[in-house]
Amino acid sequence: MPELPEVETVARELRAVLPGKKIRSLELYWEKTFEHQDAPPLPGQRFGTIGRQGKYLLLNLDKSVLVIHLRMTGQLLARRSGQQARHSHDRVRFLLDDGLELIFRDSRKFGRIRHVLSAEPLLRKLGTDAMDQKLTAALFGSMLQKSAMNIKAFLLSQKYIAGLGNIYVDEALFLSALHPLTPAREVSGAEPLFNNIRLVLQRSIDNMGSTISDYRNTKGNEGLNQRYFNVYGRQGLPCKKCGGPIEKIRVAGRGTHICPRCQQRGKT
DNA sequence: CAGAGCACCTGTGGGC
DNA sequence: TGCCCACAGGTGCTCT
């Protein structure tokens, strides 16, 4: 489900509730969700800062860190404990002090919580976060130049830029009038594409993310940004720029939404 | 190294 | 209504 804006929304909300709270215990309802690696026990540890890189959430503790990836359908819910019955999709429950609980809910069971001493080895394989100020249009342009991949596959790969997924790639390519099969090194307008990626992500962050079906924030609420899609999920509907029909094709193994008139190969 | 195919899972919606 | 298939905000593995 979630891409950068959804994970950022969750991170911001967790920053308001978790720091300083102590973990009393945890309950595991689906073993594979939780990977305890080389870290000291969780009970007794307190939450510190909450970070994010790409689609990974980083919940720092006194002596270790919880690295969480929501994958397709994961949700993190923060609420008062004991108020609501367990949901059939709940996979992990952290009981905190102050009468709070943190629930990891995930219908498809793809999501992962890794408890490790350091997130460093994991993050080393990840590219720079798409919203990181250290990432500039010039740096982005030089990465494009070195790649033979098509632009959609390039943007979906998390090793160059981290955080983009299927929705926001399609939206950014539409705004940039780029066909998803255009080879990355042939993209002539690196700067407009870079700016459109930022625009699409920032607008969604401002709207608390996009909800297609499963995404919820930590309070269980849906995002609002799906109202502003130009192409994602709009196959058969008129393009907002030219009025022609939006098409759905397959690129890099993913359903891909384009306006074939506005986004032509080899043209920007 | 790039790309395809499949694996991991469950739920939903379309076609018949 | 019911059955079957394809597909879904992601990633990681194997094989070519």
Side-chain angles (χ1 to χ4, degrees), chain A residues 1-11 29-35 52-57 67-76 87-92 104-114 121-127 130 143-144 146-174 180-186 197 200-201 203-205 207-217 221-236 248-257:
Chain A
M1 100 166 102
E3 307 179 31
L4 187 153
E6 292 74 32
V7 181
E8 176 63 18
T9 301
V10 169
Y29 309 126
W30 183 256
E31 306 285 330
K32 290 165 84 172
T33 298
F34 191 83
E35 298 172 3
R52 180 190 62 73
Q53 187 171 337
K55 303 171 196 172
Y56 287 91
L57 275 169
V67 182
I68 303 181
H69 200 302
L70 304 171
R71 295 284 185 97
M72 298 287 268
T73 56
Q75 304 174 8
L76 273 175
H87 187 282
S88 62
H89 295 159
D90 289 353
R91 306 304 177 199
V92 184
F104 187 81
R105 185 174 292 175
D106 183 19
S107 70
R108 289 179 74 180
K109 300 176 175 171
F110 289 168
R112 290 292 179 268
I113 300 178
R114 274 184 267 204
L122 253 172
L123 299 185
R124 220 178 304 139
K125 290 180 257 172
L126 256 195
M143 284 192 272
L144 287 178
K146 292 179 204 141
S147 175
M149 301 169 83
N150 67 59
I151 188 63
K152 172 140 186 175
F154 176 90
L155 294 175
L156 283 177
S157 165
Q158 304 295 300
K159 64 188 233 195
Y160 307 104
I161 297 176
L164 287 166
N166 206 34
I167 292 179
Y168 301 107
V169 166
D170 282 5
E171 293 295 322
L173 291 177
F174 169 78
L181 286 171
T182 307
R185 63 162 66 110
E186 288 174 24
I197 288 169
V200 152
L201 294 175
R203 182 173 55 197
S204 185
I205 291 170
N207 287 312
M208 317 264 287
S210 305
T211 296
I212 307 303
S213 61
D214 296 285
Y215 170 70
R216 298 292 184 277
N217 67 15
N221 299 322
E222 300 186 358
L224 302 174
N225 192 64
Q226 61 280 9
R227 298 177 189 176
Y228 306 101
F229 291 163
N230 285 299
V231 286
Y232 188 87
R234 296 193 70 249
Q235 56 272 27
K248 187 170 181 185
I249 59 175
R250 194 153 278 267
V251 177
R254 313 292 301 275
T256 298
H257 310 76

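Each chain gets a letter, A, B and so on, in the order its sequence line appears, and its residues count up from 1.
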Inset, instruction - Assign the ring pair A/Phe229 / A/Tyr232 to parallel, tilted or perpendicular, where the plane angle (0 to 90°) is split at 30° and 60°. - result: perpendicular
Distances under 3.5 Å between nitrogen or oxygen atoms of protein and nucleotides 11-16 of chain B:
unit_1, atom_1, unit_2, atom_2, d
B/dG11, OP1, A/His89, NE2, 2.9

Legend entry - Whole angstrom value for the distance that separates C1' of C/dG9 from CE of A/Met72: 6 Å
Legend entry - Expected output: side-chain A/Gln158 to main-chain A/Gly165 donor-acceptor under 3.5 Å: no
Inset, instruction - With heavy atoms under 4.0 Å as the rule, sort A/Gly255 into base, sugar-phosphate or nothing. - result: sugar-phosphate
Inset, instruction - Could you pick out which residue, A/His69 or A/Thr256, lies toward the 5' side of DNA chain C when each is mapped onto its nearest nucleotide? - result: A/Thr256
Legend entry - Donor-acceptor contact present, side-chain A/Thr73 to main-chain A/Asp106, <3.5 Å: no
Legend entry - Watson-Crick and G-U pairing of DNA chain C written in dot-bracket, each distance under 3.5 angstrom, with | for inter-strand partners: .|||||||.|||||||
Legend entry - Euclidean distance, atom CD of residue A/Gln75 to atom C1' of C/dG9 [Å, nearest integer]: 12 Å
Inset, instruction - Give a yes/no on whether any side-chain N or O of A/Arg254 is located under 4.0 angstrom from OP1 or OP2 of C/dC7. - result: no
Legend entry - Closest nucleotide among C/dG12, C/dG9, C/dA8 to the A/Tyr56 side chain: C/dG12
Inset, instruction - Determine: side-chain N/O of A/Lys109 to OP1/OP2 of B/dC8, distance under 4.0 Å, yes or no. - result: no
Legend entry - Donor-acceptor pair under 3.5 Å, A/Ser213 side chain vs C/dG9 base: yes
Legend entry - Nucleotide C/dG10, atom C1' - distance to CZ of A/Arg114 in whole Å: 12 Å
Inset, instruction - Mind checking A/Tyr168 for me? I need base, sugar-phosphate or nothing, with any heavy atom below 4.0 Å counting as a touch. - result: nothing
Inset, instruction - Output yes when at least one side-chain N/O atom of A/Gln158 is less than 4.0 Å from OP1 or OP2 of C/dT11, else no. - result: yes
Inset, instruction - State which residue, out of A/Arg250, A/Gln235, A/Lys152, fulfils the side-chain hydrogen bond (donor to acceptor under 3.5 Å, both in side chains) condition with A/Thr256. - result: A/Lys152
Legend entry - Euclidean distance, atom CD of residue A/Glu31 to atom P of B/dC8 [Å, nearest integer]: 18 Å
Inset, instruction - Determine: side-chain N/O of A/Lys248 to OP1/OP2 of C/dA8, distance under 4.0 Å, yes or no. - result: yes
Inset, instruction - For C/dG10, take OP1 and OP2 only and decide whether either is under 4.0 Å from a side-chain N or O of A/Lys55. - result: yes
Inset, instruction - May I have the distance from A/Phe110 (atom CZ) to C/dT11 (atom P), rounded to whole angstrom? - result: 12 Å
Legend entry - Separation of atom CD in A/Glu3 from atom C1' in C/dG10, rounded to whole Å: 9 Å
Inset, instruction - Pick base, sugar-phosphate or nothing for A/Arg91, based on heavy-atom distances below 4.0 Å to the nucleic acid. - result: nothing
Inset, instruction - Would you tell me whether A/Tyr168 and A/Ser204 have side-chain atoms, one donor and one acceptor, within less than 3.5 Å of each other? - result: yes
Legend entry - The single option from A/Thr211, A/Asn207, A/Thr9 passing side-chain hydrogen bond (donor to acceptor under 3.5 Å, both in side chains) against A/Asn225: A/Asn207
Inset, instruction - In whole angstrom, give the distance that lies between atom NZ of A/Lys159 and atom C1' of C/dC13. - result: 15 Å
Inset, instruction - Please tell me which of the listed nucleotides, B/dA2, B/dC9, C/dG9, lies nearest to the side chain of A/Asp214? - result: C/dG9
Inset, instruction - Calculate the interatomic distance between A/Phe154 atom CZ and B/dA2 atom P; express it in whole Å. - result: 10 Å
Inset, instruction - Give one of base, sugar-phosphate or nothing for A/Phe229, where a contact means two heavy atoms less than 4.0 Å apart. - result: nothing
